[in-house]
Structures are given as C-alpha cells and as structure tokens.
2 protein chains.
Amino acid sequence: MDNYSIDDIDYRILQYIIEDSRLTQKEIGEKIHMTGQAVGARIRRMRELEIIEGYTVRWNPQKLGQNIHAFITVFLSSNKVHPPFQKFAQEHVNVAELHRVSGEGCYWMRVYAKDQEELSTFLDLLLEFGNYRVNLGMGKLK
Amino acid sequence: MDNYSIDDIDYRILQYIIEDSRLTQKEIGEKIHMTGQAVGARIRRMRELEIIEGYTVRWNPQKLGQNIHAFITVFLSSNKVHPPFQKFAQEHVNVAELHRVSGEGCYWMRVYAKDQEELSTFLDLLLEFGNYRVNLGMGKLK
DNA sequence: CGAGAATCCTTTCCGGGTGAAAGCAGATCT
DNA sequence: AGATCTGCTTTCACCCGGAAAGGATTCTCG
C-alpha cells in the first residue's frame with residue numbers, strides 16, 4: 001500500500017489534531033518537543049499524502065432538531081437498481097453517510113431525520129430500491 | 001428541545017464549516033455578505049450552545065494501514081454484561097464509534113483494523129459479551 | 001408615544017499563528 | 001571525503017481571530 005511514509009511523530013501529531021484540529025502548531029510542538037514550523041511541515045505533508053482529507057467540525061444533530069439517528073442496512077432487490085439507488089442516496093439530504101458493504105446488494109448508511117414521520121417518508125422512498133433493516137440510535141457512547 | 005436559537009444564517013455558516021472548518025471567518029463572511037467578526041461571533045455562540053462540539057479532521061484509515069472497516073451490531077447475551085461491554089468498547093483502540101441502538105441489548109459500532117487477523121482477534125474478545133453481526137465496508141460513497 | 005434596553009452588526013486595533021525562505025546538522029551514497 | 005538529501009530551527013511578513021467601542025434596529029414598558 002502507500003502507508004510507508006508516516007512515522008511515529010506524524011502519527012502522534014495526527015492523534016492530536018483528530019482530537020482537536022484547532023490546537024496550534026506551536027502547542028503541538030511543545031507536546032512533542034519540536035518547533036511549530038516543523039509540526040506545520042509534517043501536517044502539510046500529511047495533507048499532500050491525503051492522510052488528512054480535510055478539516056471539519058463535530059456537531060450535535062439533536063440541537064439542530066435532528067432527533068432521529070438511524071443506522072440502516074439496505075438490501076437491493078436487483079442489480080439494476082444500484083445506480084439509481086446510489087444517486088438517490090447521494091442526493092438525499094437525510095443521508096449523512098453511505099458505504100458499500102459486504103453481502104449481496106448491501107449498503108450501509110447513516111440517516112438523520114427530524115422525527116419519526118420524516119424517517120417514515122424516507123423509508124417509503126427507500127422501499128423502491130429494496131429492503132432494509134433499521135436501527136435507531138439511542139445514545140452515543142464513543 | 002433547545003434548538004430554538006439557531007437561525008438560517010447560523011445554519012448556512014455551519015454548513016460551510018462542516019464542509020471545511022479552515023475557511024476563514026472573512027471568507028465565510030463574503031459568501032453570506034457579512035463581516036468576518038460577525039461570523040466569528042455566531043460561530044462562538046454555536047460553540048457555547050454546543051451545536052458545534054469540537055474541531056477535527058477527516059482522515060483516511062487505509063493510508064494508515066487500517067484496511068478493514070467493519071460495521072458491527074452487537075447483541076448482548078444478558079443485562080449483566082452491559083457495563084463491562086461498554087468499558088471494553090470504550091477502551092479498545094479498534095472501536096472508533098459506539099452507539100446504543102434500538103432492540104434488545106443492542107449496540108452498534110464502527111471498527112477499524114489492520115487486517116482480517118486483527119479483526120478476528122477483536123471478534124474473539126467480543127464473543128465474551130454476546131453475539132454480533134459484521135458488515136465489512138467495501139467503499140465509501142458519501 | 002418615547003426613553004431605555006437589548007441585540008447584532010461594523011469598525012478599529014493588537015497579539016500571535018501560519019507558512020515561506022534561508023541556514024544548518026546529520027544521514028546516506030558513491 | 002565530498003555531494004546530496006532530508007528534516008529541523010530561526011527569522012520574518014502577512015493576515016486571522018477576538019476584544020472593545022460605536023451605531024442601527026427592534027423590543028419593552030411606563
């Protein structure tokens with residue numbers, strides 16, 4: 001693979017910025033005994049290698065009225081519906097994350113919705129493509 | 001709930017920083033016709049309301065040698081094992097995310113592992129607490 | 001209605017973080 | 001040994017972020 005080029009120092013820096021990407025390079029540098037500039041150069045390199053893909057925030061869906069957090073496994077009914085399903089899921093605002101997973105015609109996705117009704121509406125649309133199994137998130141532990 | 005205090009401008013700002021949290025306040029301000037300082041004040045407020053929980057980074061597990069991405073649903077065998085299971089999952093490095101989900105004794109978790117062997121070792125430990133269903137991620141689509 | 005308060009914006013200003021450039025030290029190769 | 005490469009430190013200029021002050025608009029209550 002192409003994971004040859006990261007060393008232990010890079011890895012420690014990455015842990016710090018996964019935890020809090022607004023730590024300054026200088027602060028990280030103090031933890032690992034380096035100047036901020038050296039840390040900055042390593043971070044830049046990890047971005048170029050696409051180990052770091054981008055910067056984002058952790059946000060709270062509930063505080064935005066997204067009270068439903070559903071983990072859905074989808075079983076497509078035929079091979080023909082893969083393309084339209086992918087398009088559907090990628091464009092639908094309720095779908096926060098989508099993966100191809102092992103198993104016949106299987107996808108996994110994370111869905112946020114305002115309430116049960118919005119989820120129902122979504123599931124109705126989903127039925128066009130195949131069956132599904134839903135698990136509702138009841139609390140994040142990690 | 002307590003989602004009364006976010007307006008449409010806040011929401012747009014949030015979309016921008018979810019997409020890229022390193023956009024400057026000034027850049028965001030230009031998009032929505034505001035000064036950077038005003039944007040900064042709104043972001044600060046969203047942090048105080050804990051709508052924004054923290055800053056982090058999107059990273060690529062594969063480039064770090066984490067070639068296995070598993071979605072695991074866990075069915076605990078008895079009520080007694082909830083506490084030890086939670087402790088186990090929270091402390092185990094392979095577990096990247098953990099949620100309580102609907103259903104009897106159910107949890108959902110995201111697990112990264114270097115290879116099949118590391119996953120097997122993990123699953124062996126998991127068996128101590130109950131049964132599980134594993135789906136392996138084959139490609140992220142969204 | 002009108003005065004005061006509250007809210008939220010803009011302007012101004014300072015501290016300091018970021019990234020570029022240059023210089024240096026240690027490792028590697030011939 | 002000499003050349004080269006890599007990765008660190010130092011220095012420096014730019015500009016971002018946050019605080020403070022001032023102004024416009026809306027809200028509140030006598």
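In what follows, chains are A, B, ... by sequence order, proteins preceding strands, each numbered from 1. Please read these numbers as outputs of a predicted model, since none were measured by experiment.
- With respect to the salt-bridge test (charged N to carboxylate O, under 4.0 angstrom), the residues B/Glu97 and B/Arg110 qualify.
- When the nearest nucleotides of DNA chain D are assigned to B/Arg47 and A/Val39 by heavy-atom distance, the more 5′-ward of the two goes with A/Val39.
- Of the side-chain N and O atoms in A/Arg42, one or more sit less than 4.0 angstrom from OP1 or OP2 of D/dC8.
- Within the structure, no pair that satisfies the side chain to side chain donor-acceptor pair (under 3.5 Å) test touches residues 124-142 of chain A, not counting sequence neighbours.
- Residues A/Glu27 and A/Tyr16 bring no donor and acceptor atom of their side chains to less than 3.5 Å of each other.
- Distance CD1 (A/Ile43) to P (D/dG7): 16 Å, rounded to an integer number of Å.
- Heavy-atom contacts of chain A under 4.0 Å fall on DNA chain C between two terminal nucleotides, which in 5' to 3' order are C/dG17 to C/dA20.
- At a cut-off of 3.5 Å, with distance as the only test, no side-chain donor of B/Glu50 or A/Asn60 sits close to an acceptor on the other residue.
- Contact check for B/Ile52 versus B/Ile17: side-chain heavy atoms found under the 4.5 Å cut-off.
- For an aromatic pair to be called close, the ring centres must be under 6.0 Å apart, and A/Tyr112 with A/His69 satisfies this.
- Relative orientation of the B/Phe85 and B/Tyr107 rings is tilted, given thresholds of 30° and 60° on the angle between their planes.
- The aromatic rings of B/Trp108 and B/His99 lie tilted to each other, with the angle between the two planes from 30° to 60°.
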*When you check every protein heavy atom under 4.0 Å of nucleotides 10-17 of chain D, what one-letter string (B, S, -) results, 5' to 3'?*
BB----SS

